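This report concerns only the one structure given below.
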Amino acid sequence: MKTLYRQFIVTTIGIMVMSAGIGFLITNEYYHNVTKEQIDATNVTIAEEITDYIEASDNLDLDEYLTTISNIGYKVYIINESGYEQFFGEKYKEKNLSEAAKEMVLEGNNYHGMLEYPKKFFITGFFANELRNTVGLPFKYNGENYGLFLRPDINLLFSGVHTVLAGLIISIALISLIAMVFVAKQLIKPITQLTEATKQISRENFNLLLNINRKDEIGQLARSFNLMTHQLQENDQARKEFISNVSHDFQSPLLNIQGYADLLKSSSISEIQRLSYTTVIEEETKRLSNLTKQLLLLTSLDQSSRTILRNDIALDRQLKEVTAKYMWLIQELNMDIYYNLSPIHYFGNESLLENVWENLLSNAIKYNTENGSIDISLSQTEKDIIIIFQDSGIGVKEDELPHLFERFYRADTSRTKEGTGLGLSIVKDIVELHGGQVQVESKWQEGTTFTVILPVK
């Protein structure tokens, strides 16, 4: 079988090699002409803050303070006019600072070693672990002139490196894109028909079938395209239903913003309360901007190989913060809320777990009774962390319990209220992604208890 793959891969390798070379040259010039000056200025600013603090502080233990600075990722070298010198932080590979540079700083001038570092191929100057590759500033301590020389630890990443790498990636991508568009027109002209068919699909015209009888990859693609079109016809209705139902996920943050905005109208609140309310509003607007991305993430949570970003979370604090967002509504409905939260840390995805607690808490509020109660507990056994949300609400009928976690399932009309049937399925997916499980117990007209069990890792 004649294949386009061989031609494509050879052409792609040639273009990538060429674009990588050009990209490296462009990026190198950008670093030396633009980024290096910015990095020098940034480190001078940091050094100024350090020296200003030293001069403004009385009875400061200089060694202890500079040790702290080195612990957060900086290498520091100090000298004074009496010949004293001391290093703080990781060792320099070369201690090649000139005496002229030392004298210049002790005389009250700044030293720009990073900016003046010799030009070398592909920004190697940024990573040069040399004493001359620093910034130096003068300061006074105990009435004596000192000089401070500073640079970041090369093992850490800084914004300057991010800018350089971004420039490299963009350069390679643009050059590759321009070259591949030209080559693709010459090699893969049959793709034009597929492109036009794709445009029809984007207009939701799923009745188009391709008539391409080829035995190479284009023919395989055409047959796969026809299968996809048939599947899209079946999935179209489900997609539209999903779009109409995601409003459930927007409702909670919008409700919080509206509630706290109403509270801000009051002239009797304190400045601390006003700041707290505006902070909640700001956080909720940020959550709204990220909600689409989170929903796209949740649609693929059933893939067992998927990995998520994790960090250390104080679960007790997170549960209280989530509850604080809804406190205005809890007070408005005259509900009582009780905590039994042990101080427990968990290594998981903070944003996704916050979504779990918000869904469970909003359900406990929504399906509770006026003057009702909500109990939230957090505990840990040898193997598991257990989080329980218990309410005194209307409960769930026994025959509906097995279906609660199905996507778009809506229980008895007395429970649906503003729900779309998506929230609990999201809870289940997120908990299972963390290797845990969620359980529900309920009695009709007596209340519901949701139990989340997360494994201790």
Side-chain angles (χ1 to χ4, degrees), residues 3-49 72-75 89-90 92-94 96-98 101 110-137 149-189 191-192 195 198 217 289-290 293 296 307 309:
T3 68
L4 294 173
Y5 178 78
R6 184 179 301 172
Q7 300 177 56
F8 180 82
I9 199 67
V10 171
T11 304
T12 300
I13 291 174
I15 291 174
M16 293 304 297
V17 170
M18 179 187 68
S19 61
I22 297 175
F24 270 93
L25 293 175
I26 293 174
T27 305
N28 189 46
E29 288 300 315
Y30 182 85
Y31 168 76
H32 286 292
N33 294 307
V34 178
T35 307
K36 186 162 70 169
E37 182 177 354
Q38 296 174 349
I39 294 173
D40 182 88
T42 299
N43 283 277
V44 168
T45 300
I46 294 170
E48 286 176 345
E49 293 177 355
I72 62 175
Y74 290 93
K75 300 181 179 183
E90 294 293 326
Y92 286 89
K93 184 178 180 180
E94 294 186 28
N96 51 3
L97 186 64
S98 67
N110 290 353
Y111 170 69
H112 297 275
M114 291 183 177
L115 182 61
E116 298 166 359
Y117 192 82
K119 183 176 181 180
K120 293 186 178 181
F121 182 73
F122 193 52
I123 67 172
T124 53
F126 180 83
F127 301 98
N129 186 18
E130 302 178 21
L131 188 53
R132 65 170 175 167
N133 190 21
T134 58
V135 296
L137 274 76
F149 297 84
L150 172 142
R151 67 167 281 103
D153 192 326
I154 60 174
N155 294 321
L156 301 179
L157 295 176
F158 294 90
S159 59
V161 174
H162 295 161
T163 302
V164 171
L165 292 179
L168 171 62
I169 293 171
I170 293 172
S171 299
I172 293 175
L174 288 177
I175 295 171
S176 300
L177 178 62
I178 294 171
M180 288 309 303
V181 167
F182 175 78
V183 174
K185 288 182 179 180
Q186 305 301 318
L187 295 178
I188 320 173
K189 289 182 178 179
I191 292 294
T192 303
T195 302
T198 303
E217 287 87 321
S289 68
N290 293 325
K293 183 187 295 185
L296 290 173
T307 58
L309 296 176

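Values in this document were obtained by computation on a predicted structure and should not be read as measured data.
Taking all atoms of both residues into account, the shortest heavy-atom contact from Met114 to Asn133 is CA-OD1, 3.4 Å. Heavy atoms only, all atoms of each residue included: Tyr92 and Leu131 are closest at CD2-N, 3.6 Å. In plain terms, the two heavy atoms of Pro152 and Tyr74 that are nearest each other are CA-CD2, 3.8 Å.
Take Asn129 and apply the side chain to side chain donor-acceptor pair (under 3.5 Å) test, not counting sequence neighbours, and it matches Lys75. Evaluation of the salt bridge (Lys or Arg N to Asp or Glu O under 4.0 Å) rule for Glu116 yields no partner, not counting sequence neighbours.
Within the model, atoms CG of Asn43 and NE2 of His112 stand 11.5 Å from one another, a figure rounded to the nearest 0.5 Å. Taking OH of Tyr117 as the start and NE2 of His32 as the end, the distance is 10.0 Å to the nearest 0.5 Å. Put simply, OH on Tyr111 and OG1 on Thr134 are 5.0 Å apart, with the number rounded to the nearest 0.5 Å. Rounding to the nearest 0.5 Å gives a distance of 11.5 Å between CG of Leu137 and CD1 of Ile46.
Of the residues Leu115, Val44, Asn110, the one that meets the side-chain contact (heavy atoms from CB on, under 4.5 Å) test with Val135 is Val44.
For Glu37, the CD atom counts as loosely surrounded, since its 6.0 Å shell holds 12 or fewer non-hydrogen atoms of other residues, nucleotides or ligands.
Residues Asp40 and Lys36 are not in side-chain contact: their nearest non-hydrogen atoms beyond the backbone lie 4.5 Å or more apart.
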